[in-house]
Structure formats: structure tokens, C-alpha cells
Engineer: 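Dumping the structure here so I can ask a few things about it.
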Protein chains: 2
Amino acid sequence: MVNIHDVARKAQVSVATVSRVLNKSSAVSFSTKIRVEQAITELNYEPSTLGRNLRKLESRLLLVLIPSISNPFYTDVIKGIEDTAINLDYNILLCQTNSNPKRESIYFNLIKNHLADGIISMDPTVNKRNLMDLAEKHPIIQCSEYDIDGSIAYTTINNELAAYHAIRYLIKIGHKKIALINSDEKFLYARERRQGYERALKEFGIELNLSWVYHAESLGFEGGQQAMRQLLNHPNRPTAVFAVSDILAIGALNEIHTNGLHIPNDIALVGFDNISFSTMTHPTLTTISQPMFKMGCIAAKMIINKIQGKKVESIILDHDLVIREST
Amino acid sequence: MVNIHDVARKAQVSVATVSRVLNKSSAVSFSTKIRVEQAITELNYEPSTLGRNLRKLESRLLLVLIPSISNPFYTDVIKGIEDTAINLDYNILLCQTNSNPKRESIYFNLIKNHLADGIISMDPTVNKRNLMDLAEKHPIIQCSEYDIDGSIAYTTINNELAAYHAIRYLIKIGHKKIALINSDEKFLYARERRQGYERALKEFGIELNLSWVYHAESLGFEGGQQAMRQLLNHPNRPTAVFAVSDILAIGALNEIHTNGLHIPNDIALVGFDNISFSTMTHPTLTTISQPMFKMGCIAAKMIINKIQGKKVESIILDHDLVIREST
DNA sequence: GCTATTCATGTAATCGATTACATATATATT
DNA sequence: AATATATATGTAATCGATTACATGAATAGC
């Protein structure tokens, strides 16, 4: 493999001069510059990023931790991260933890080993203690999921308020019997969305019926189906359902159809995330839209600022209620 | 940052001995081994992968080129690649080209720069000429999409045969007027699936009606909707539709519903890929299932073998016709 | 007890770049 | 013309590891 010395020899200059031409770091006379560039072309030389990074003590690689790419919510966030990162000459390493602690530690080692410069964590299942320990020595920010009491900067939406808006809307169009399909409340977003649900009910004088609050066992379609199955068997069936993710909502929608009921006449349905599938269901799904692409861009900017030693502040983004046919 | 010299000093040995302990490469006496390990723990030392990789001239990073992670087909393939790669101590860098040549060249540079050891390309939009040039000097294999005449090893299914099976099945259940929603035929898989479509028709003595062959303008839902809209306006409406991807099929399904027609009574529908959403539609979608996870595992094994200088052969995997409610 | 072999460890080169510092030449200033 | 400054280039240290080779000590074989 041809290296910088070969180029230097061919162009009859020192390696320093070659490096200067490569990095435009200081003045090189026109004639030698041409000579060096010619040598580079003739030898088909490509500088080794490995050597460069070792010297500069950086990898220009960003780790993005997600539970799984199968959830389309992450798709657009990642697009935002990638766009921003590439523009600033960083590449991203997408890491699916599958909520597996062993995987997690592999990826944590990557940053300890200097193979990555920073981490954007979007994984709610990550070990918070380990993450915070790591954040003492390495640049880390959280995206979408975060810790209230942690010292790690984050960008997210106001989950409590978003859920509140969804429920308030259901109440305003006449619903009083509103169920909640939540995910596991070990996740902060699940706790927050539940709080928003409860606040809206309280504010409109509707009593909280705990038997209408379900926790899905999985985050896939089946989770929504299972939860809905139980809600449909409830002696006092709700007239509206708020699911904390579109995937759960779509599972619920499926189950409602299987039972021959009509949406929204028999049951109204609201999801969360505004994934692209939510326009392909029948009826189309009313949902809360998060600014996913923007969130990704901001997360990327935050982590790069952090890597460069700047101070970063957490940022809360706006959400929207997207009203479609399911309500 | 603490380095190998600090450890050596603390343990009162040479850096070579520390490296030996780290890599278990040759005998180190029990007592010094303990001393070194203690120093490592006390100093909280983590070896720099950058330094190691530079010396060993490898990065243990694999590039995976995909057009976009938004297509769920890739999800399981990537899981397979990742599982296999991690077991063999490689990490994967997921690269979305978004069919953007500039992105592509960024990623190609990564391997020229030795920041990655090999490439698995799943991108049908990649510039074939560039890829083949690169393959002369670097380990590259193709997954799912490939080149017939190229010299690059690949793993995929038999697209022609899969399409043939889908169409033969439609014919056997009584359909004669069968439309094809294809994607752009610049993609090899599109050409192959069309060949399978034509072979099945020919074999059963059904004349090819070119006005029933559509090319979707996008690979998203809208592509399927648009194509279906045109098919529904056709004076001689087909009774069955084969779409070359589930996403297109779901778009078509939506359009059929919008027009008040029944699936499968008015129109039968077959997709391709067996993405998880294909069980969530109403009716559920008959489709061709590819062994995505397995394909990913094999692709990863192939590229790692190639990196290690072994000879690799292309592998064709089996597909299945999954019959559901839409036919 | 002397030589041959094995074992444990150290020294220094190496991977491929960047860059502080040194030096030589050309140009500007007086 | 003498000095000051700017420009162009080279030398060598450095980033953090691995490893070929050298060396000294311990053990085995006779």
C-alpha cells in the first residue's frame, strides 16, 4: 500500500510538504504543490485515516444507540443525525442494542477505546448508571429518551404535554371513556405520557378508571393486539383508545377490525409518532407527530458541540396533533 | 489519557510485556501478569483501538450500503449481518446512500482510507462501474442485489423463480388477467421478477398484455397507489395484481379500498418481501418471503472470509410463497 | 559441571499520518 | 547595503499500540 513517504519520494519533497498539500495547512509554492499532486495521482495515493486519526486523537465516528431499527420512528431521526453529521465530516455507527446488556457493553467499549468520539443514545433500555459513568469522561447526549435527574444533556419533546393534548382532543370531541395502551413504565416517556393522560382527565372532571390502563407486553404489533383484546372484553368498553405508539395503535386497530367493530364510530383511536404506516391503515390514524428529522439534526449538532468542548443545553421540541380518520 | 507506557511504568515492566498480557500472545510469568493486570485496573487503562488498528493495518469495521433504512426489508438482513459480525469481532457501519452518488463516494473513500475492512452492498442504485473498480483492490460482496456479469460474489434469492411461483399460484387459483406493479427496471431484481412473470404467463398459454405492466415511480406507498390508480382506470381491469414489494402492494391495497373494491373478490393481491406490516393489513397480504436474517448472516460470513483472503462463492437462497387473505 | 534448550522480558522498529521547530531563501524596509 | 520579515521546505518527535529480535536467567540433558 502506497503511503505518504512514497509520495514524498516521487515528488522529491519531504513528507511534511506532502501533508501540507493534503491539508492545505500552510503555504506551499505553486510548483511543488503541482509536483506533489501529480505524484499523488500517479501513485493513486489515498491517505490513511487510521494514521491521521491516531495522530489527531479522534475518530470522527459517532455512535448512535437504538434498541432496534425495526421501529420506523427511528428512521427519520437517524436521517437527521446522518445528514448533519456528514456535513460536519463525521460518520455514524448505528448500534442496535436489542436491549441486550452485552451488546451495550461492546458499544461502550468502542468509545472507551477511542474508536468513537461520542454517543447519541436513543435507547430507553440502556443501563442509566453505566451511561452516566461513561458521560463523566466521554461526550454523550440523549435523544428522545432521557433522564430527568441525570447530568446528560438531551433533546426530546414534552411527552406529558403531548399526551395531554391527545386526551384533551378526545374529550372535546365527546369521549368520556378513554383507555390508555401504555408501554412498560420503566421507560420515562411511558410515565410522562401517562401523567398527561391523567392530567387531562382530571382537568375535565373525568374519573380515572385504572382498569382502562393497559401495559403492552411487547412494543410490536402483537402488543397492541393483546392489549386491545383485553379492552374489548372489558364489561364497560371504552369509546376511545390512546396508544403511546403508532405500532401499538396499528395492532389495536387490527384487533378492533377482527372483532367487527367500526373505527371511529364504535371506538376512536389515537397513536403516537406519526410513522409513515399510519397513513396506510384503514382508517388512517390520528396521531401525535414528533419532529423526528429535526430532533436528529439537533442531537447531532449537540454531540459534535460537546465533542468540541462547547457547553450544550438540553432542547425541548414541539409536537403536533395530526387529526385523521380514526377519530 | 493513560496509555500503555503508563501501565508499563506502574507495573515496572516494558510496554512489550504489557502488550503480551493484553493479547495473551506469548508466555508471561504469573507474578508479572498479576502485577500488570493490577496496574491496568488501578489506572483504569483501556487500550486504544486506533493504535492497535494502525499497527495491524485493519479497522475491523464493515460497511453496509443500503439505499435507506426506511424499507423494513433491510431490517432483518441487517440484524443477521450484525449478529454474525459481532460474533467475529467486527462492527458494522450502516451507510444510507439515499441513492445519492455523493454519499456513495464518501463511503467508498472510507474503505480506500482503511477506515473499513470491507463492504457489503445492498444498494441497487450504486454505481456498478465504481463498485467493480473498488472490488479490484478491496473486499466487497453484494447482498440481495447483484450483477450477473460482475466479478463480485453475492448472496441473494432466485428472483425470477420467486416471481414465477407467485404468478403460477395466481393462475392456479383461476386468474388470467394478472397485472404487474414493477419498480424501475434499471434494477436487476426488477428485470428478473418481470422475466418470472412472463415465463409463468407463457407456460400457461396466457398472452402478455403490456398495458398491465406498470413501473412504480417511487418505492414508497405512493408508488403503489399511483400504479394501482392507473390499473383501476384500465378499460379491461385485471383480476389480480403482483407487486414486486410489500410496500408497493400495501399502497395498491389502499387504493383498491379507496375505490370501494374488495380484496380478494374483485382483485387479488400478492406482494414481495414478507415485511412485518404485511400481516397488519386488512386483508393480510399474500407475499413471497425471503430468508432475510439468514441472508444477512451469510453476507457477513462471506465478507469476513474475503477479508481474510479466503475464496468465496456466491450463494442463492430459497424463498417461500406465504399465502394469506389477499388471494 | 558444562552445554543446549526453554522461558521471561526488554529494546527498538514499525504502522501512517501531523506538526513544532529549525533553517534556508526571497522579499521588504530603512 | 544591512537588517527585518515573510515564505518555503525539511527534520524529527509524536500519537498508541504490536512484534521481530536480542538478551539474560532458569531448567534440562548428558
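Chain identifiers are assigned alphabetically (A, B, ...) following the order of the sequence lines, protein sequences preceding nucleic acid strands; residue numbering begins at 1 within each chain. Quick caveat: nothing in here was measured; it's all calculated off a predicted structure.
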Engineer: Would you find a donor on one side and an acceptor on the other, under 3.5 Å apart, between the side chain of B:T97 and the backbone of B:N100?
Structural biologist: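 The answer is no, because no donor-acceptor pair under 3.5 Å joins these two groups.
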Engineer: Write down the distance between CG (A:N3) and P (C:dA17), rounded to a whole number of angstrom.
Structural biologist: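 After rounding, the gap between these two atoms is 6 Å.
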Engineer: State, without any angle test, whether B:N127 and B:E104 hold a side-chain donor-acceptor pair at a distance under 3.5 Å.
Structural biologist: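 No pair is found: no donor N or O on one side chain lies under 3.5 Å from an acceptor on the other.
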Engineer: Less than 3.5 Å apart, any donor N or O on the side chain of B:S105 or B:N109 sitting next to an acceptor on the other?
Structural biologist: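 Per modelled atom types, B:S105 and B:N109 side chains form no pair under 3.5 Å.
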Engineer: Say you draw a straight line from CG of B:D117 to NZ of B:K306; how long is it, rounded to the nearest 0.5 Å?
Structural biologist: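 It comes to 14.5 Å.
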Engineer: Report the distance from atom CD1 of A:I34 to atom P of D:dT9, rounded to the nearest whole Å.
Structural biologist: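 Those two atoms, CD1 and P, are 12 Å apart.
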Engineer: For A:M1 and C:dA17, give me the distance from atom CE to atom P, rounded to whole Å.
Structural biologist: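 The distance from CE of A:M1 to P of C:dA17 comes to 10 Å, rounded to the nearest Å.
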Engineer: Calculate the interatomic distance between B:H5 atom NE2 and D:dA17 atom C1'; express it in whole Å.
Structural biologist: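 Distance, rounded to whole Å: 9 Å.
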Engineer: Between protein and nucleic acid, restricted to nucleotides 18-22 of chain D and to nitrogen or oxygen atoms under 3.5 Å apart, what atom pairs and distances do you find?
Structural biologist:
unit_1	atom_1	unit_2	atom_2	d
D:dT18	OP1	B:N23	OD1	3.2
D:dT18	OP1	B:N23	ND2	3.0
D:dT18	OP1	B:R52	NE	2.8
D:dT18	OP1	B:R52	NH2	3.3
D:dT18	OP2	B:S19	OG	2.6
D:dT18	OP2	B:N23	ND2	3.2
D:dT18	O2	B:R55	NH1	2.4

Engineer: Counting just side-chain N and O atoms, does B:S48 come under 4.0 Å of either OP1 or OP2 of D:dC15?
Structural biologist: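 Answer is no, no contact under 4.0 Å.
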Engineer: Could you pick out which residue, B:S29 or A:L50, lies toward the 5' side of DNA chain C when each is mapped onto its nearest nucleotide?
Structural biologist: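 Per heavy-atom nearest nucleotide, the more 5' residue is B:S29.
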Engineer: Select base, sugar-phosphate, or nothing to describe what A:F30 touches, counting heavy atoms under 4.0 Å on all strands.
Structural biologist: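 Contact class for A:F30: none.
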Engineer: Can a donor-acceptor pair be found between the side chains of B:D123 and B:T125 at a distance below 3.5 Å?
Structural biologist: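 The criterion, which ignores hydrogens and geometry beyond distance, is satisfied for B:T125 and B:D123.
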Engineer: Quick one: do A:E58 and A:K56 satisfy salt bridge (Lys or Arg N to Asp or Glu O under 4.0 Å)? Show the steps, please.
Structural biologist: CA-CA 6 Å; A:E58 64 173 12; A:K56 293 196 167 178; 5.1 Å; no
Engineer: Under a plain distance cut-off of 3.5 Å, with no hydrogens placed, do A:S183 and A:Y189 share a side-chain donor-acceptor pair?
Structural biologist: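 Distance-only check passes for A:Y189 and A:S183.
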Engineer: Could you state the CZ-C1' distance from B:R9 to D:dG16, rounded to the nearest angstrom?
Structural biologist: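 In whole Å, D:dG16 C1' and B:R9 CZ are 13 Å from each other.
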Engineer: Taking OP1 and OP2 of D:dT9, is either one under 4.0 Å from a side-chain nitrogen or oxygen of A:T32?
Structural biologist: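 Affirmative; the distance criterion is met.
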Engineer: Taking CG from A:L115 and C1' from D:dG16, how many angstroms apart are they, rounded to a whole number?
Structural biologist: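 Going from CG in A:L115 over to C1' in D:dG16 covers 13 Å.
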Engineer: Using whole Å, report how far CD of B:E46 lies from P of D:dA17.
Structural biologist: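 The answer, rounded to whole Å, is 10 Å.
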Engineer: Please state how far atom CD in B:Q12 lies from atom C1' in C:dG10, giving the value in whole angstrom units.
Structural biologist: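 Going from CD in B:Q12 over to C1' in C:dG10 covers 14 Å.
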